[in-house]
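Structure record follows, encoded as structure tokens.
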2 protein chains.
Amino acid sequence: MKNKIFAIDDERDIQEIIKVNLEKEGYEVNTFSSADLAEKHMKKGNIPDLIILDIMMQGTDGYEFCKRLKSVKEYASIPVMFLSAKTEEFDKVLGFELGGDDYMTKPFGVRELKARVKAHLRRTETLHAKETQVLRYKGVELYPEQYALSIDGSSVDLTKTEFFILRIFLENPGKIFSRDNIIDSVRGQDAYVVDRTIDVHIMNLRKKLGPYKNIIRTFSGVGYGFKE
Amino acid sequence: MKNKIFAIDDERDIQEIIKVNLEKEGYEVNTFSSADLAEKHMKKGNIPDLIILDIMMQGTDGYEFCKRLKSVKEYASIPVMFLSAKTEEFDKVLGFELGGDDYMTKPFGVRELKARVKAHLRRTETLHAKETQVLRYKGVELYPEQYALSIDGSSVDLTKTEFFILRIFLENPGKIFSRDNIIDSVRGQDAYVVDRTIDVHIMNLRKKLGPYKNIIRTFSGVGYGFKE
DNA sequence: GCAATTGTGAAGATTTTGTTAAAATTTCCA
DNA sequence: TGGAAATTTTAACAAAATCTTCACAATTGC
């Protein structure tokens, strides 16, 4: 999923440079000419993954906005990169003191900006919990990451081959696979086995599927498939 | 608890400036004149919370060191701040590409350095808190900060390799790791060992797990994993 | 009904893993 | 720094798990 970035700066040119370049990197970029506008947008439930923030602006200035942001638990973990014409060390230190995560000075290099943005997002993405994928049909659940099958909640062990066969079925409901198709996707293109071998795997799979054994259907003369 | 910082730079003066100023802030600072020395220290179990890294050095240079660090799961989350006389945008971008988290150019302002260090530690501390937590499953308790394992209350010594393997299992319950996955997270990306080597580590681990040896399950043709 | 196709149990072949001991490497300590 | 101890890695073989085949029974489709 695309990472969302807010660029808050009262100069249209800067907004454009940031937007164009970061979108080229595959980010979704929203630009705002003031912190107040950005804040309004966030209150509507539009939460960015990173904020690029000018300091001197009409209305709420960057420092103030950052400080406010970091005091709200929901927003505190969003990285804030200051981007300002203020080059004094004092200004930078203040930015960090108020909770900022980075500080770049104008004029800035686009490539450095992109690199820094990427670095911050890299660091935060581990925080975002990864959800495990599941292939499900009724009480049958297959967890690709875990090579595991659960039938009505209780787990069943599969062999590697059984796992791959069941997976191509669940990934392609309705599709019928010939025995060649099946063995190809499980063992690679140039593996040859006797047809009866696949039948045996199917049989073993059906045994393990218990009450759901009929989700694997036989199409005489054609092959096997999963059909609801 | 004090945050530990490694400052790696071949100039004694720089080392001193960093050490003195950051210690004033309450950090524990270790200085090294080469990345190789720092790495040796880390292998002994001395893990910093942040690394300040020069680029041009004798032996392994900063870029190379950073890249290697980020490829080892154990070290990947440690923030790396480059501190270099190389001011070209290209150099900065490269630093970030290799997994760096920040880049300051020499000469640098001490106050800005302190502010940036603080910002990085602020960001990682929540993550870090989780990392030093005890990993527990039934009577098995793993203490990440001391390579120690306790089984039903009595402590068992683990070797470093055993510790890391057990840890990735306990951190990812249900997930299955191939032998390559395992050795990669323990030794870094481009380490090659024979498959049977991992089996031996697993066997030794199981012996030490005593009554809980079966929490490490074998998935034939796939790898190993921890499953409740 | 009959030929073709599929289901099934068990035996055999193959692959994968477990285990031991010894070699190579690293770490530790005097 | 040298050498002992600890650790990691490897090789060789045993054991286990998995896959494949075969023979024949059961089923399907015309």
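Residue numbering restarts at 1 for every chain, and letters A, B, ... go by the order of the sequence lines.
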Quick one: is A/Lys160 getting a side-chain N or O under 4.0 Å of the C/dT17 phosphate, OP1 or OP2?
no
Can B/Arg206 and B/Tyr212 be counted as having a side-chain donor-acceptor contact under 3.5 angstrom?
no
Grab the CZ-P distance between B/Arg179 and D/dT10 for me, whole Å please.
14 Å
Roughly how many Å is it from CD1 in A/Ile176 to P in C/dT5, rounded to a whole number?
16 Å
Length of the CD1-P vector between A/Ile198 and C/dT8, whole Å
16 Å
How many Å lie between CE on A/Met203 and C1' on D/dT20, as a whole number?
12 Å
Rounded to whole angstrom units, what separation is found between the CG atom of A/Asp157 and the P atom of D/dC19?
13 Å
For D/dT8, does either OP1 or OP2 sit under 4.0 Å from a side-chain N or O belonging to B/Thr159?
yes
Judged by each residue's nearest nucleotide on DNA chain D, which is more toward the 5′ side, B/Ser220 or B/Thr161?
B/Thr161
For B/Phe169, the option from B/Leu135, B/Ile202, B/Ile176, B/Ile215 that meets side-chain contact (heavy atoms from CB on, under 4.5 Å)
B/Ile202
Got B/Ile52 and B/Ile8 here, is their nearest side-chain heavy-atom distance under 4.5 Å?
no
If I take atom OH in residue B/Tyr224 and atom C1' in nucleotide C/dG18, what distance separates them, rounded to the nearest angstrom?
8 Å
Are more than 12 heavy atoms from other residues, nucleotides or ligands located less than 6.0 Å from atom CZ of A/Phe219?
yes
Could you tell me whether the side chain of B/Met42 reaches within less than 4.5 Å of the side chain of B/Ile78, counting heavy atoms only?
yes
When you match B/Phe219 and B/Leu158 each to their closest nucleotide on DNA chain D, which lands nearer the 5' end?
B/Leu158
Between B/Gly223 and B/Lys207, just flag the one whose closest nucleotide in DNA chain C comes earlier from the 5' side.
B/Gly223
Would you please confirm or rule out a distance under 4.0 Å between OP1 or OP2 of C/dT8 and any side-chain N or O of A/Arg206?
no
Just the rounded figure in Å: distance from C1' of D/dA17 to NE2 of A/His201.
13 Å
Over how many whole Å does the gap from A/Asn204 atom CG to D/dT18 atom P extend?
11 Å
Checking all strands, does A/Val222 fall into the base, sugar-phosphate, or nothing category for heavy-atom contacts under 4.0 angstrom?
sugar-phosphate
At 4.0 Å (heavy atoms only), tell me whether B/Thr197 reaches a base, stays on the sugar-phosphate, or touches nothing.
base
Tell me whether the OP1 or OP2 atom of C/dG7 has a side-chain N or O from A/Thr218 closer than 4.0 Å.
yes
